Trainee: 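First, the structure itself, so that you have it in front of you.
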Amino acid sequence: MTALPSRLRRRSGLTAADRFVYVLALPLVGILLVYIVFPMIATFVTSTGDDGAAYADFTSGSSGRALVLSVGISVASVLTAGLVGGALAVLLTRFEFPGRAALRVFALLPMALPPLIGAMTFYYLYGASGIVPRLVQETLGIAAGSVAADGVWGVLLVHTMTMYPYFYLSVSAGLAGSDASLEEAAMNLGASRATMWRTVLLPMLTPALVSGALLTFMVSMASFTAPQFYNVNTLTMRIVASKTSGSYELAAAQSTVLSLVSILFLLLMRWYQNRRSTRSASKGTPQALKVVQGALPRTLAAVGSALLVVVLVAPVATILLLSFTVDGTWTVQILPPEYTLENFTTIFTDPRSLRPLLVSSQMSGLAMLASIVVGVLTAWVVARWKGRGAGVLDVMIMLPWALPGTVVGINIVTAFAAPTPFNLGQVFIGSLWILPLAYFIRFVPLVFRNAAASLAQIDPSVEEAAQNLGAGPWRTLRTVTLPLMTRGVLAGALMAFVQGFGEYVASVVVYPARFAPLSVEIYNRQYANELGSAFAYGSLQMLAILVVLIISELLENPRWRRRRSSASPPAVPAVPTQPVTV
């Protein structure tokens with residue numbers, strides 16, 4: 001009875017575990033096709049209606065000018081964010097001065113700012129009626145409008161001060177991993193420090209710079225909140241305006257073009273990164289870097305760091321300050337004249353004010369659960385797939401990460417505006433279910449990538465040992481593999497939840513009128529001149545993001561738990577946790 005299956009197994013080359021991978025892949029492919037690929041195709045098909053008349057707007061209408069403006073702002077954002085982030089990385093890795101460790105913490109503060117509340121903060125801090133221009137006018141007599149960051153310059157300021165961490169993190173890692181012996185060899189051969197940087201360090205930093213440029217450009221192209229506050233007519237603004245006015249074909253065409261630009265830039269950056277080798281040719285362990293110890297460089301670095309701390313902390317301090325402002329009292333004064341705790345008490349006692357918090361938390365929670373199921377199973381299928389096809393599944397689930405939020409929103413609107421078999425005969429537009437669907441599509445790549453990173457560290461022989469002991473493929477996955485992936489899954493789930501909790505760009509396109517999520521409510525309160533209430537919501541958003549970042553950092557570096565447990569045993573049994581890799 002057992003000989004026939006054995007011969008068939010040898011002939012086909014497939015084990016029970018292999019067949020389980022392929023069977024599990026079928027529903028995953030169906031989900032990704034229905035909710036990611038199909039909406040993109042539906043948007044393209046919609047854009048070609050009326051013989052593609054909507055695309056004529058790119059040659060003779062405002063869409064073409066908006067596209068050029070978006071690309072120009074994105075390129076400028078790459079340059080300015082690269083300058084600030086790269087300089088900060090050099091300052092914190094090559095100079096020793098008091099307060100350097102604290103500045104490393106402050107350098108990551110912009111990552112805790114939700115996109116909407118971050119744009120609002122810079123607007124009320126540096127805009128035409130902001131705190132800094134009013135202070136300059138009051139103390140120096142210079143007109144506030146002449147020193148304010150407004151229009152395109154305002155957008156560039158927001159992009160620079162919120163996107164420089166992409167360069168800072170990648171360049172810092174590149175500098176920390178470089179070999180100091182290469183620099184010393186170049187200097188010993190007579191190269192000046194500038195020549196050494198140009199011929200040795202910058203080529204070695206190419207992957208880091210490309211990574212930062214790629215993220216900055218794509219996030220800048222997808223930016224909607226900063227152009228909205230500074231009234232800059234970028235392509236994302238045109239997409240929302242077209243959708244609001246009912247021009248769905250034009251909105252679909254604009255979304256298609258924006259998607260193509262983002263994907264083409266991704267391919268261009270990967271081509272440039274792979275066209276030359278940047279790997280060190282030195283052998284053995286890299287020599288540790290030597291920080292600059294001179295008195296004058298250390299003094300200049302300390303002064304520069306103090307100024308940077310002020311600039312980096314100012315947005316966070318502004319959010320906290322304005323969250324206690326009495327609504328409607330701040331008009332022409334430099335700072336708000338009246339403060340109150342009522343903004344926070346109202347949020348948690350008034351059902352109408354509490355609803356946006358509940359909507360965002362519950363919808364983000366549902367999207368997080370769906371992202372865990374699909375993201376984790378897809379990561380496992382991609383890792384255990386034998387033969388061709390795994391790369392296609394990888395690309396399908398990562399597509400939303402390359403698409404702006406406005407495009408994801410338009411894709412959902414065009415694909416699910418009418419009953420179809422894909423949405424079980426229901427119309428998602430106007431229903432509450434459209435929010436978790438949008439958040440799931442946008443942030444399932446976070447769970448997938450983190451789960452895949454953890455899975456890459458698991459030796460497949462562990463699963464094979466369980467199966468040799470009699471465990472089936474499903475039991476092996478459930479009892480062996482998934483517990484070992486907990487760290488990466490938890491990290492991706494936390495980030496997916498907090499991103500959905502503060503999501504604004506896709507929400508503003510798809511949200512139902514009766515159930516405004518938190519970010520949309522923040523904008524509505526600001527528009528209604530309820531500034532204190534808006535920033536009270538924003539401070540809660542920022543707190544949630546900070547908590548997630550701290551938890552992720554603690555889980556990523558488990559040494560704190562080992563030090564704590566070795567110092568003194570806990571008074572009560574602790575819940576067992578595992579370190580996480582983000």
Side-chain angles (χ1 to χ4, degrees), residues 70-93 103-116 118-119 121-122 155-178 201-202 204-227 236 261-263 265-270 272-273 278 308 311-312 315-316 398 400-405 442-443 445-446 449-450 453 491-492 495 498-499 502-503 505 545-546 548-549 552-553 556 582:
S70 295
V71 173
I73 290 177
S74 298
V75 172
S77 299
V78 169
L79 297 177
T80 55
L83 180 63
V84 173
L88 189 59
V90 172
L91 176 68
L92 297 183
T93 55
L103 184 56
R104 285 176 174 172
V105 177
F106 290 128
L108 299 178
L109 276 179
M111 299 184 69
L113 294 177
L116 175 63
T121 301
F122 281 96
V155 174
L156 277 178
L157 175 65
V158 174
H159 286 184
T160 301
M161 299 309 297
T162 57
M163 298 178 189
Y164 79 82
Y166 299 135
F167 280 96
Y168 166 72
L169 291 172
S170 58
V171 173
S172 294
L175 289 174
S178 62
L201 277 182
L202 286 182
M204 292 294 295
L205 290 175
T206 296
L209 295 173
V210 169
S211 175
L214 171 62
L215 287 172
T216 302
F217 184 90
M218 295 182 68
V219 174
S220 179
M221 282 293 294
S223 176
F224 175 74
T225 52
T236 54
V261 171
S262 299
I263 294 174
F265 188 81
L266 171 64
L267 298 176
L268 175 64
M269 288 294 97
R270 287 187 174 181
Y272 180 78
Q273 183 175 351
T278 57
L308 281 173
V311 173
L312 295 175
V316 177
M398 288 302 297
W401 199 241
L403 300 179
R442 287 213 70 191
F443 304 121
L446 286 173
R449 275 305 177 204
N450 282 275
M495 293 305 298
V498 79
Q499 290 286 338
E503 215 288 327
V505 179
I545 295 177
L546 279 174
V548 168
L549 291 176
S552 299
E553 180 65 21
E556 182 181 2
V582 181

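Throughout, residue positions are numbered sequentially from 1 according to the sequence presented. Small disclaimer: the values here were computed from a predicted structure and weren't measured.
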Trainee: Checking the side chain of Y166 only, and the main-chain atoms of V78 only, is there a donor and an acceptor separated by less than 3.5 Å?
Mentor: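 Absent.
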Trainee: Can you list everything that forms a side chain to side chain donor-acceptor pair (under 3.5 Å) with T162? Sequence neighbours excluded, please.
Mentor: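 Applying side chain to side chain donor-acceptor pair (under 3.5 Å) to T162 gives none.
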Trainee: Looking at every heavy atom in both G85 and F167, which two are closest together, and how far apart are they?
Mentor: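 Heavy atoms only, the tightest pair is CA-CB, 4.1 Å.
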Trainee: Say you draw a straight line from CZ of F122 to OG1 of T225; how long is it, rounded to the nearest 0.5 Å?
Mentor: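 It is 11.0 Å, given to the nearest 0.5 Å.
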Trainee: What are the two closest heavy atoms between A107 and L92, and how far apart are they?
Mentor: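 The answer is CB-CD1, 4.5 Å.
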Trainee: Given side chains that start at C-beta, do those of L156 and S77 come closer than 4.5 Å, heavy atoms only?
Mentor: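 Heavy-atom side-chain distance check passes, below 4.5 Å.
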Trainee: Among all residues two or more places apart in sequence or in another chain, which pass the side chain to side chain contact (heavy atoms under 4.5 Å, CB included) test with P445?
Mentor: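 Applying side chain to side chain contact (heavy atoms under 4.5 Å, CB included) to P445 gives M398, P400, W401.
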Trainee: Quick one, E503 and R442 - any side-chain contact, counting heavy atoms below 4.5 Å?
Mentor: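 Side chain of E503 against side chain of R442, heavy atoms only: contact under 4.5 Å found.
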Trainee: If the condition is side chain to side chain contact (heavy atoms under 4.5 Å, CB included), which residues does S74 pass it with, not counting sequence neighbours?
Mentor: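 Scan of S74 (side chain to side chain contact (heavy atoms under 4.5 Å, CB included), adjacent residues dropped) gives F217, S220, M221.
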Trainee: So which heavy atom on A81 is nearest to which on T216, and how close?
Mentor: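 Closest approach of A81 to T216, heavy atoms only: CB-CG2, 4.1 Å.
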Trainee: Please give me the minimum heavy-atom distance between M163 and V219, naming the atom from each residue.
Mentor: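 It is CE-CG1, 3.6 Å.
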Trainee: Partners of A226 by side chain to side chain contact (heavy atoms under 4.5 Å, CB included), sequence neighbours excluded?
Mentor: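 Partners of A226 under the side chain to side chain contact (heavy atoms under 4.5 Å, CB included) test: V155, V158, H159, S223.
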Trainee: Mind checking what makes side chain to side chain contact (heavy atoms under 4.5 Å, CB included) contact with L83, not counting sequence neighbours?
Mentor: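 L83: no side chain to side chain contact (heavy atoms under 4.5 Å, CB included) contacts found.
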Trainee: Taking all non-hydrogen atoms of both residues, which atom of T121 and which atom of P315 are closest, and how far apart?
Mentor: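 Taking T121 first and P315 second, the nearest heavy atoms are CG2-O, 3.2 Å.
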Trainee: Under the side chain to side chain donor-acceptor pair (under 3.5 Å) test, which residues partner S170, sequence neighbours left out?
Mentor: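 Here no residue qualifies.
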Trainee: Measure the CG-CG distance between L169 and L215 for me, rounded to the nearest 0.5 Å.
Mentor: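 Separation between the atoms: 10.0 Å.
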Trainee: Should P114 and I545 count as side-chain neighbours, where that means a heavy-atom distance under 4.5 Å?
Mentor: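 Result yes, sub-4.5 Å side-chain heavy-atom pair found.
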